[in-house]
There are 2 protein chains.
Amino acid sequence: MMDAIDRVPVLADVAAAAGVSLSTVSRVITGRAPVSEKTRSRVMEAVAQLGYRPNAAAQALVNGRSSTVAVIANHTLRWGYAATLHGIEEQARAAGFSVMIAVVESSDPAEVRRAIDGVWSQPIAGAVVIDFDAVGAATLDALPHNVPVVAASGAWQPGADRPHAYLDDFEGARQATDYLLSLGHHTVHHVAIPSTSEHSGREWGWRRALTDAGRVVPDVVRAGYDPESGYAAAERLDPGATAVLCGNDEVAIGVARRLQERGVSIPRDVSLMGFDDQPFAAMWVPSLSTVGQDFVGLGKRTFAMLHSWILSNEQPAHSTVLPRLVLRQSTAGPRPGA
Amino acid sequence: MMDAIDRVPVLADVAAAAGVSLSTVSRVITGRAPVSEKTRSRVMEAVAQLGYRPNAAAQALVNGRSSTVAVIANHTLRWGYAATLHGIEEQARAAGFSVMIAVVESSDPAEVRRAIDGVWSQPIAGAVVIDFDAVGAATLDALPHNVPVVAASGAWQPGADRPHAYLDDFEGARQATDYLLSLGHHTVHHVAIPSTSEHSGREWGWRRALTDAGRVVPDVVRAGYDPESGYAAAERLDPGATAVLCGNDEVAIGVARRLQERGVSIPRDVSLMGFDDQPFAAMWVPSLSTVGQDFVGLGKRTFAMLHSWILSNEQPAHSTVLPRLVLRQSTAGPRPGA
DNA sequence: CTGAAAGCGCTTACAG
DNA sequence: CTGAAAGCGCTTACAG
């Protein structure tokens with residue numbers, strides 16, 4: 001049992017132990033000025049012995065900048081969010097930055113304000129906003145302009161003044177829809193996840209592909225993010241549908257489960273595509289065709305943009321990566337006669 | 001396009017704008033001393049107009065304490081870790097704390113040291129270590145004792161001097177194994193995930209149940225954390241197994257997929273149990289019996305313990321919650337004659 | 001109720 | 001190469 005919390009050693013303790021001035025200790029710690037080898041090793045010894053670590057608050061105060069970045073997001077648990085956070089963290093860590101997370105629960109102005117105040121009162125060098133939904137968008141709008149902010153986002157949005165790293169899910173949805181049409185389906189139905197704006201990139205991409213091909217655009221079936229919501233949404237799906245594109249893999253798996261329970265065979269009766277290529281997509285029976293999105297890579301790109309802004313003080317350009325179709329067993333041509 | 005980053009207003013700016021002293025502004029901001037209503041509103045106006053937010057680095061420095069806590073973990077993406085982090089974050093946010101995440105990639109001493117230095121140089125009020133694996137354990141051992149630290153853990157471990165919030169997966173595994181035996185299986189096989197110590201709570205609980213029942217303890221099949229590793233592990237499973245307990249649901253789903261591909265029927269030929277009850281467990285066909293673990297609750301309890309330590313300066317006691325069996329369709333008695 | 005002053009732990013010119 | 005001093009932005013006794 002160890003109740004007592006020892007006093008944290010400070011610079012002055014090291015200086016006293018090593019018998020040198022504060023300035024000298026600071027110089028060996030920062031390495032930003034020459035120090036004799038003898039003094040240096042004496043200081044290092046004291047540092048090691050006392051277990052001294054510079055106080056980041058004091059450093060941040062005097063340096064006028066910190067090496068922590070904040071990640072602001074509506075979720076940390078859903079696949080896309082968690083994977084993006086993971087990518088940001090990894091890249092930040094490699095660059096010597098710490099990361100702080102701030103969850104914004106809703107786009108209610110008071111809640112957004114609370115979150116922003118919490119983050120902005122911290123000594124941060126910059127922030128990334130995960131702009132996958134309406135909450136992210138609302139946060140982005142409310143953010144002060146005195147710290148670099150980069151957004152990680154699905155599809156390009158008009159009028160974004162902040163730098164964005166995109167995944168282009170608009171294009172992914174369009175390609176997926178085109179693919180399904182190319183298989184011979186008359187049209188493609190869509191089970192949507194909640195989205196940033198009224199219409200997400202995914203929904204718009206799907207819609208565009210159908211319109212361009214001159215096909216009927218069926219009513220969208222709205223779902224949440226998880227398998228259960230897909231399961232429920234399957235009830236509202238047009239019974240005549242032969243091809244369905246879902247807003248994410250979780251929803252697709254829920255839809256699949258419900259259809260299979262009803263004796264609908266995938267892909268014989270219905271072709272099903274997910275979105276994201278999250279770890280379970282390949283495991284499902286039949287394995288799920290989907291649109292592969294590199295969220296970890298998105299996170300890394302986003303941090304890299306923020307980092308360059310912090311270092312150079314020049315706002316970076318947007319960046320985009322195209323998703324790729326991952327074709328597995330859940331898609332096929334319609335049954336002859338369907 | 002907004003390249004310029006405005007200068008951040010400081011306390012002195014507000015004082016100047018309101019025509020009062022620094023002390024007065026500080027008093028209205030902190031609310032820790034009486035200020036006349038007239039002065040107060042004048043100051044608030046200046047604050048609002050300038051968009052002033054106290055500099056957290058300065059506050060942390062002068063207050064000698066901060067309101068951010070660090071979460072130290074080996075992963076942020078796997079279900080149990082992510083859900084625990086989520087619980088911590090939620091509880092911390094409710095208490096007005098910010099959370100910083102620090103990922104420790106391996107138990108290599110240099111890596112552990114790097115992570116700890118990074119965290120300990122920040123102004124933190126406390127830390128929680130997610131102690132689900134060997135890396136968590138190594139980190140816990142290396143942590144200084146000058147800041148409150150609480151660990152979130154699976155099963156009770158001998159000699160833990162730091163407060164732990166447990167989930168008791170030992171007991172969960174024991175109950176799951178007992179249940180499988182009660183169905184009539186001669187023994188239960190185990191596909192293990194990587195673990196804290198040589199033997200995890202899950203593995204020990206399984207082992208204990210078999211030993212207590214006087215059954216044969218089969219060789220453990222080792223897997224990773226994800227479906228793919230379960231899929232691969234299925235190849236190494238004893239073909240005579242009629243009941244299998246997996247270290248987590250992801251692995252169980254991988255095992256299920258492989259078995260089903262080989263024409264093995266679940267639960268007719270093999271009963272399969274997972275662990276954790278993560279969102280996909282209920283979706284699989286057949287839906288997966290598992291051990292429900294409340295990771296979000298674990299995270300909340302862990303933060304609550306840390307919070308009480310921070311406030312009271314008294315080290316909290318350990319806390320434990322028992323898991324519960326979630327029985328679904330993947331378990332049944334052995335086939336007559338099996 | 002309000003202001004002037006000291007101090008939190010650092011870094012960085014400024015002198016030697 | 002090394003030390004004394006000022007200052008980063010706050011808060012908090014200490015005087016009025």
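Letters A, B, ... are given to chains in the order of the sequence lines, protein chains preceding strands, and every chain is numbered from 1.
Between A/Phe132 and A/Phe295, a ring centre-to-centre spacing shorter than 6.0 Å is recorded.
Distances shown here put every side-chain N or O of A/Gln59 at or beyond 4.0 Å from the OP1 or OP2 atom of C/dG9. One finds a side-chain N or O of A/Ser36 lying less than 4.0 angstrom from the OP1 or OP2 phosphate oxygen of D/dT2. The side chain of B/Thr24 contributes no N or O atom lying less than 4.0 Å from OP1 or OP2 of C/dC1.
Between B/Gln122 atom CD and C/dC10 atom P the separation is 13 Å, expressed in whole Å. The CG atom of B/Leu22 sits 14 Å away from the P atom of D/dT12 (whole-angstrom rounding). Going from atom CG of A/Asp13 over to atom C1' of C/dC8 covers 14 Å, rounded to whole Å. The distance from atom CD of A/Glu37 to atom C1' of D/dT2 is 16 Å, rounded to the nearest whole Å. Rounded to a whole Å, the CG atom of A/Leu11 is 15 Å from the C1' atom of D/dA5. In this structure, the CZ atom of B/Arg42 is 13 Å from the C1' atom of C/dC1, given to the nearest Å. Spacing between atom CD1 of A/Ile124 and atom P of D/dG9 amounts to 17 Å, rounded to whole angstrom units. D/dG7 atom C1' lies 12 Å from atom CG of B/Leu61, rounded to whole Å.
One finds a salt bridge joining B/Arg114 and B/Glu111 here, because a Lys/Arg side-chain nitrogen approaches an Asp/Glu carboxylate oxygen to under 4.0 Å.
Of the candidate nucleotides C/dT2, D/dG3, C/dG9, D/dG3 has the atom nearest to the side chain of A/Ser21. Closest approach to the A/Arg27 side chain among D/dC1, D/dG9, C/dC14 is made by C/dC14 (side chain taken as heavy atoms from C-beta onward).
Using a 4.0 Å heavy-atom distance criterion, A/Ser23 is classed as a base contact. Among the protein residues, A/Val62 comes within range of the nucleic acid bases, having at least one heavy atom under 4.0 Å from a base atom. At a threshold of 4.0 angstrom between heavy atoms, the contacts of A/Arg32 are confined to the sugar-phosphate backbone, with no base atom among them. Heavy atoms of A/Ser26 sit under 4.0 angstrom from at least one base atom.
For the pair A/Val99 and A/Phe303, the minimum side-chain heavy-atom distance is 4.5 Å or more. With a 4.5 Å cut-off on side-chain heavy atoms, B/Leu140 and B/His164 count as touching.
The partner of C/dA4 cannot be assigned: no Watson-Crick or G-U wobble pair with both contacts below 3.5 Å exists in any strand. The base-pairing partner of C/dA13, taking Watson-Crick or G-U wobble contacts with both distances under 3.5 Å, does not exist among the strands shown.
When every heavy atom of A/Gly87 is checked against every heavy atom of A/Lys300, the shortest pair comes out as O-CG, 3.5 Å.
Between the C1' atoms of D/dG16 and D/dT12, the separation comes to 16 Å (whole Å).
Of the two residues near DNA chain C, B/Val20 and B/Asn63, the one whose nearest nucleotide lies more 5' is B/Val20.
To the nearest 0.5 Å, the span separating CG on A/Leu11 from CG on A/Leu22 amounts to 5.5 Å.
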